[in-house]
Amino acid sequence: MAQPVLAHVRATTVRATSARPSSARAASTATATAPARAAAAPASPVPAPPVAASDTGASQVRRVPAVEVAPTVPDREVAEFLLDADSLDPTTLALAAARADVVRVVHSAAVPTPAAVRALVEVLEDEVRAVGRDRGDVRVVLEVEAVVAADAADAARRRAAVAYAEAFAALTWSPSATWLVAPPEVLVADAAALAARTGVDAVALALVGDSRRSAATLAALAAR
């Protein structure tokens with residue numbers, strides 16, 4: 001399913017944004033947010049990734065876990081570009097490769113599968129090299145919707161409810177197929193596996209509804 005990305009000059013449009021991606025989410029968000037049977041951790045600020053000095057001591061290197069909780073407020077200190085399905089423009093992709101500190105990818109009809117995300121990451125890496133930057137200069141993050149479930153049975157129930165609601169939305173693709181729905185430890189493990197499959201630097205969990213109350217718990221699990 002990588003064709004939607006590669007068929008349009010192997011590029012996708014980016015736009016600088018501070019808003020959370022919202023297209024195609026409204027149809028399924030309400031159904032997925034029923035309170036979980038397990039007690040959720042109280043909301044608290046998500047701890048920042050640890051920073052360690054380099055061997056030379058000349059600079060600092062940020063150690064970033066493969067899984068993180070998507071921030072609710074953008075970091076104004078970094079240049080961030082969002083890759084979505086608004087349009088496919090190689091010029092703007094090259095702009096992101098040249099200027100971005102962080103490139104945030106979200107699933108869409110143009111990038112509906114992990115294979116499509118990996119193809120897009122490869123295109124971006126080519127663009128980064130083409131403008132003379134190191135791959136390490138650009139942090140690529142895949143942001144996915146995530147729902148915290150009490151257990152496997154609860155996760156299956158929530159997935160079925162979301163898919164049922166989505167069936168009436170007349171969408172051209174299935175956004176819920178890209179959602180991660182699981183108990184906390186499984187959710188973090190699934191996100192780490194997704195990061196490895198897609199070639200991104202991190203998977204950011206965009207917590208849906210009441211699952212936001214588990215942000216601190218998930219951040220602690222991801223930092224282990």
So CZ of F81 and CG of L93: to nearest 0.5 Å the spacing works out to 10.5 Å
Suppose clustering is done on Ile, Leu, Val, Met, Phe, Trp and Tyr with side-chain heavy atoms closer than 4.5 Å. Which residues sit in the same group as F168? Y164
Check the pair E166 / S174 against side chain to side chain donor-acceptor pair (under 3.5 Å), numbers first and verdict last. CA-CA 7 Å; E166 193 174 76; S174 176; 2.7 Å; yes
How does the hydrophobic cluster around V102 look, that is, which other residues are in it when side-chain heavy atoms under 4.5 Å mark a link? V78, V141
Between P175 and W179, the two heavy atoms sitting closest are O-CD1, 3.1 Å
Spacing of CD belonging to E185 relative to CG belonging to L218, to within rounding of 0.5 Å: 10.5 Å
Between V181 and R158 the two heavy atoms that sit nearest each other are CG1-CB, 4.1 Å
Contact summary for P112 and H107, nearest pair of heavy atoms: C-ND1, 3.8 Å
I'd like to know if the side chain of S214 and the backbone of T217 have a donor-acceptor N/O pair within less than 3.5 Å. no
For A182, what residues pass the side-chain contact (heavy atoms from CB on, under 4.5 Å) criterion, not counting sequence neighbours? V186, L187, D190
Any donor-acceptor N/O pair, D154 side chain to A149 backbone, under 3.5 Å: no
Only counting residues at least two apart or in another chain, list the ones meeting side-chain contact (heavy atoms from CB on, under 4.5 Å) with R197. P114
Is R213 close to D210 at the side-chain level, that is, under 4.5 Å between some pair of heavy atoms? yes
d(L120 CG, T198 OG1) to nearest 0.5 Å is 10.0 Å
Is any side-chain heavy atom of V105 closer than 4.5 Å to one of V200? no
Applying side chain to side chain donor-acceptor pair (under 3.5 Å) to E125 and not counting sequence neighbours gives R135
Working to the nearest 0.5 Å, report the span between CZ of R157 and CG of D151. 9.5 Å
May I ask you to test the V138-R133 pair for a side-chain heavy-atom distance under 4.5 Å? yes
With sequence neighbours excluded, residues passing salt bridge (Lys or Arg N to Asp or Glu O under 4.0 Å) with R129: D126
Nearest heavy-atom pair of P183 and A152: which atoms, and what distance? CG-N, 4.2 Å
Do you know the tightest heavy-atom contact between V111 and V106? CB-O, 4.4 Å
How long is the span from the CG atom in L180 to the OG atom in S211, to the nearest 0.5 Å? 11.5 Å
Contact summary for T178 and V144, nearest pair of heavy atoms: O-CB, 4.1 Å
What distance separates R212 CZ from T72 OG1, expressed to the nearest 0.5 Å? 9.0 Å
